Structures are given as structure tokens and as C-alpha cells.
Asker: 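Sharing a structure here in C-alpha cells format.
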Number of protein chains: 2
Amino acid sequence: MVTIKDVARHAGVSVATVSRCINETGYVHADTRKKVEDAVRALNYAPNEVARSLYKRKSRLIGLLLPDITNPYFPQLARGVEDGMQANEFRIIFGNSDENEQKEQEYIQTFIQNNVVGVISSTNRPDSDIYAKLNIPVVFLDRTSSDSPSVYSDGRKGGRLAAQEMIARGSKRITVLRGPVHIRPAQDRFQGAVEVLEEAGIVYNIIQTSSFSFAEAESWAKELFAKHLDTDGVIASNDIVATAVLHEAQRLGKRVPEDVQVIGFDDIPLSSLLSPSLSTIRQPAYDMGKEAALLLIRLIEQGTVDNRNIQLPVSFVERDTTRKVD
Amino acid sequence: MVTIKDVARHAGVSVATVSRCINETGYVHADTRKKVEDAVRALNYAPNEVARSLYKRKSRLIGLLLPDITNPYFPQLARGVEDGMQANEFRIIFGNSDENEQKEQEYIQTFIQNNVVGVISSTNRPDSDIYAKLNIPVVFLDRTSSDSPSVYSDGRKGGRLAAQEMIARGSKRITVLRGPVHIRPAQDRFQGAVEVLEEAGIVYNIIQTSSFSFAEAESWAKELFAKHLDTDGVIASNDIVATAVLHEAQRLGKRVPEDVQVIGFDDIPLSSLLSPSLSTIRQPAYDMGKEAALLLIRLIEQGTVDNRNIQLPVSFVERDTTRKVD
DNA sequence: TTGTATGCGTTATCAC
DNA sequence: GTGATAACGCATACAA
């Protein structure tokens, strides 16, 4: 490993001068600068970030905690975060929490031990003291906390939208899949949808689900049609569940959207590739990730920021699991 | 931040003793140990990994470089890696390379600057000197290099399998989608399929594709049927492309699998949720990721290892885009 | 404008 | 068994 000492020796100056040169802090004569730059190039020197981090008590690392990267919604988020950070020369220590408090603790712990300068987390416990006790900036992503910085989309609005579009397209016996109770955005969607349904005086049923996993999605779908075979509109808690519903509906010989309409949530990449392609409420996941990164960076660099809560818009993406309206 | 000094003061001993105690290195009297442990608990002390890393010239961090986490094949890989590392108390610095050499360089660079003790990479240039010059262990994942450690599945076998199953199920005018030429596993699959097709004297066409992206997959699918409308069997380069083919076939009013059979590659989670569900050649992505993690850890801890190349088996997953055979 | 010396938090050496 | 202390690589205060 080539250190600042080697560079100093090679350039015939002191380490202090090399440091000043590299960090553009303090005066350094043009000739000296040249010698140093040459030495840096010649030795292919790159500063040891660990030593830097130790001295300055902060790194160029941030911690990213997501429930499960295997859930197709999160890679988008992660990618947005990564791009935002990458562009600003921050690196990411990444972990999956599985929504497990223990793991969450462990990760946050090691984040701190590694001097990360900020954390982005999609936790279900934003108000937990794990976060309250942190003395570095935290941004909650796809989650909200009273007044902690966060980036999210309007779940309630999304739920309302889903119900409105479904009603406008003529469904009369709607089934709403209610997502996991401990996941805030899922409940917001549910609330929004139910509100509109109530307002419109539409008959609806509820199917309770407890995860967003592929494995279980199929069982909710089966349960749905077992209990409510005559339903003519399904508002799913996300696109994975919607996909399973679509699959099951077709297996039962139902025509979509003629016999039953389906609306998902998220607009994950696969949605447009299904047959029929899935109508859904789109969340701009990539943008949310990127915004979270930029917000965190502002927080890190400026200590505070005017707009701590960034809400991104949801929108109805009309595809082929809903009927056309004129 | 509470340091080892604070613990020492609180326990009424020297930092050396605390260190010995924590690292279980050297003698320490039972009574002293107790005092130290109490102090650690009381102050909620956790060692600063940065200082450790600086002194020992190595961290508990590894670098993970994937082309694009947004491609649904990679989250599985990433998750496997993460679980393998997590279980052994290693953390991951993660980056997307976009198969871009520049980015790849940058990431590897910063990995080193952060004292990572190993790297896992799905690169298209395993033989590049970026890796050759690294003096920490590297494991290539889903990629092979002459004799560098790597974890992969048998692409050629997979390609052969796809072709065999397709032939066995009666397709006579097969189209093979040839994946990006610079991606080794894609070419292996292609080779394998073509071999079998040639051996069997089956007529086949080739459609060249240059990426695995969702966005472009649809255009390959359109091109396929534009050029070879009468094809009755498609061997896709991966499940994303297969999904697009399936979608396009249905749009054209073709019945799958009656008019045209489709076989994908990878077995990403969505494959089973399509209608009809996708027959595919499965790669055990999660296991591959995990194996890569464990291999890297062996390399890190033992310096060398007997089996440097781990090949995991592929298998045909029979679903509904292929006809049943008796 | 440049160099010397100090400290960041930890571990390891060596003397006691 | 235990405690000073040097060293890891870097950035800064201060002296020159």
C-alpha cells in the first residue's frame, strides 16, 4: 500500500504539504504542487479512507437498510439511492432487515462502528429509539415518521385513486386486499381505497394479508376467490399480490378485465409485461430513492434543510386489467 | 462516542487490558474481566471498526459489484451474498457497475481505499488487470475466469437442456435468442442450445439481442415475430426476454404453448406468476450468492482453498409455456 | 509557503 | 496479569 509518506518522500516534501495539496487546503507553491501531483501519479496514490475517517470522525459511507432486496419493489429504491450517492462520491453499506428488529439493530450498530455519516432506512419502526438515539442524519424511505426527514409517496391518495378508477370502470362488488398491518404505506393505501368505496356506497369485501412475499401471494389470491368468487374488481395491496390475483383469476377461467378488473400498486417493472398487462398505481420508486439520497446529503452537508418531508406523486397507470372508459 | 479509554477509566484499568479482554487475547484476571465487562455494558461500548481497520490494515467489509440490481436476477444473488456475509459478521459495500468499466474501476478503487478484505464481482472482464492487481481475494459470481475463484452455473448445460426439452415437446422451427455477446454465461447458453439443435438437425433461427433490460426486451420480441412469424418454439436468453416474447406472442393471438412454446432462463420469481407460467432453466441464484460469500470468506481466512471453482447445477422447471410430454 | 508534532481509537509489544 | 507506549495513515495547529 502506498501512503502519503511515500508520496512525500518521492516528491521531496513533507506529508503536510502533500495533504494540503490533495485536499486543497492551505497554501502550496505552484512548483511544489506540480512535484506532488507528479508523485501522486507516479505512485498511483489514493488516500486511505479509513485513516481519513478515523481522523475526521466521519467517512464517505452511508448505511442503507431495506426490508428485502428480493422484493421487486426495493431494487428500484436501492438503485435510486445508489445513483444519488454515487454521483456525490458517497458509498453504501447495504443490509436487508427482513423487518426484523434484531437485524435492524445489528446493522445500525455496525453502521455506526464504521463511521457512516448518514442512514437511509425503510423501517416499520421509524419512531423506535434505535433511530432517535442516532446522532447522524437519518432519512426514512417509503416510510414516514412524525417529523423525521422522509421521502415517500401519497399512499392514501393512491388508494383513493385505485378505488375511483375501479368504480369509474363499473365494478360493483369490489374486494380490497389489505396489506400487512405493520407496514404504514400499505395501510394508507387501504384507508384511501376504503374511504372512496364508503363515500360511493359501493359493496366491498376485505381480505387480510400479512406479507408481500411471492410465496404467500398465491395463497391470498386463492383465498380471495374462495371467499368471494363473484367479485368483479380487486384492489391489490401491491403488484406482486395483484399478479397472483390475475394468475388465479385466469386459472379459474375468468376473463380479465371483462369479468373482473384488477389494480395493483407500485408499478414494478414486470407489471407491463404481464398478459394482460397490469393496471396499477405507480410509485416513482427510483426517484424516491434518489430524492432520499439527495435529502440525506443535504442533511449531512448542511446540518439542516428547509423541506424535510418529500412526498412524490402517485399516478394511475392504465393498462389492460381494467376496462376502457370513454 | 464512547471509546476504549472511557471503558478503561470506568473500569479502573488500562486500555490495554480492555483490549485484551474484548479480543480475548492474552491473560486477564477473572475479577478484572468482570469489571471490564460491566463497564462495557454500562457505557454501551462498541469498538470503533475504523480504528481497528486502520491498525490491522483490514476491515470486516467486503465489496460487492453487480451490473444492475434493478435486473431481477441480481437481487437473488445479492441476497445470497448478504446472508452469507451477515452470518459471518462481514458487511457489504455495494455498487452497480452498469457493465461500465469506468464505474467498475471507481468502485474497486474505493473498495480498496476502505480496506475491504475481499471482493465479489459479476464483471464481464474478469481477466482485466483491475482484478489481477488486487492483492485481496476476489470471487467472480455468475462469471468465470481461467483460474480465479468463481461461482457459476453450467450455462452450456442449461442451453442444451432448453433445446432438448423443446425438441422433445415437438417444436420444429425453433428460434434462439442470443444474449449479449460480451456476457459469457449468455453465450454459453446459446452455444449449448445451438449444439443440440445442430445435433438433432433441427431448423432454427437466431435473433441477436444486446441487453437484458426490460425496456429493450419488448423490441427483441417484436423483431422475433416480425422476422419469424411461424416459429413454434422460442429459447430465450433469460426470463425477462422470455416474458416479453410471451407477451408479444399473446398480443399476436398465438396460443402458448399450443402454437409456440417458450423456455426462459434463470427462474426469477415472477416466472411462476405469469399466465401461462413460464417454463425455464433454473439457476439457483440465491445459492450461488451464498456460495460466493462462503468461498470468499474461506479465501480471506485461510488464504487459499481446495475448490476454487464452484459450479451449481441448472435444471429444467416445467411450467405452462411448454407442452406436456408423456 | 513549508515542516514538525500531535491525535483520531485501536491493537500489540514489551517491560514490569 | 497488567500498564505504558508505539504504530496504523491521515489532517491540522502551530512554528518556522
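All heavy atoms count here, side chains included; hydrogens, waters and symmetry mates do not. In the text below, chain A, chain B and the rest are named by the order of the sequence lines, each starting its count at 1. All figures in this text were calculated on a predicted structure; none of them were measured in a lab.
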Asker: Under 4.0 Å between any heavy atoms, over every strand shown, what does A:Ser53 touch: base, sugar-phosphate, or nothing? Just pick one.
Answerer: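 Nothing, no heavy atom under 4.0 Å.
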Asker: Please give, in whole Å, the distance from D:dG1 P to B:Lys34 NZ?
Answerer: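 For the pair B:Lys34 NZ and D:dG1 P, the rounded distance is 19 Å.
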Asker: Tell me whether B:Asp31 is salt-bridged to B:Lys34, with the criterion being a basic N under 4.0 Å from an acidic carboxylate O.
Answerer: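 Salt bridge between B:Asp31 and B:Lys34, a charged N being under 4.0 Å from a carboxylate O: no.
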Asker: Hey, is A:Lys290 close enough to A:Asp83 for a salt bridge, meaning N to O under 4.0 Å?
Answerer: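 No, this pair does not count.
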Asker: Let me know the distance between OH of A:Tyr27 and P of D:dA13, rounded to the nearest Å.
Answerer: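 Taking atom P of D:dA13 as the reference, OH of A:Tyr27 is at 14 Å.
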Asker: According to ring-ring contact (aromatic ring centres under 6.0 Å, His included), who are the partners of A:Phe94, at least two apart in sequence or on a separate chain?
Answerer: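 Once residues adjacent in sequence are excluded, A:Phe94 has no partner under the ring-ring contact (aromatic ring centres under 6.0 Å, His included) criterion.
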Asker: Got B:Thr70 and B:Asn96 here, is their nearest side-chain heavy-atom distance under 4.5 Å?
Answerer: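 With C-beta onward as the side chain, the pair stays apart.
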Asker: Please determine if a side-chain N or O atom of A:Thr17 lies less than 4.0 Å away from the OP1 or OP2 oxygen of C:dT2.
Answerer: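 No, no such contact exists.
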Asker: What string of B, S and - do you get for nucleotides 6-16 of chain C, 5' to 3', when a contact is any protein heavy atom under 4.0 Å?
Answerer: -BBBBBB----
Asker: Nearest-Å distance, CG (A:Asp6) to C1' (D:dG9)?
Answerer: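 So the CG-C1' distance, A:Asp6 to D:dG9, works out to 10 Å.
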Asker: Within the 3.5 Å criterion, strictly below it, is a donor on A:Arg57 or B:Asn48 matched to an acceptor on the partner's side chain?
Answerer: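 No, B:Asn48 and A:Arg57 have no side-chain donor paired with an acceptor closer than 3.5 Å.
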Asker: I need the NZ-P distance between A:Lys58 and D:dA11, as an integer number of Å.
Answerer: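 About 14 Å, once rounded to whole Å.
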Asker: Does B:Arg91 make a cation-pi contact with A:Tyr107, if we ask for NZ or CZ under 6.0 Å from the ring centre and within 45° of the axis?
Answerer: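 Relative to the ring axis of A:Tyr107, which defines the angle, B:Arg91 lies inside both limits.
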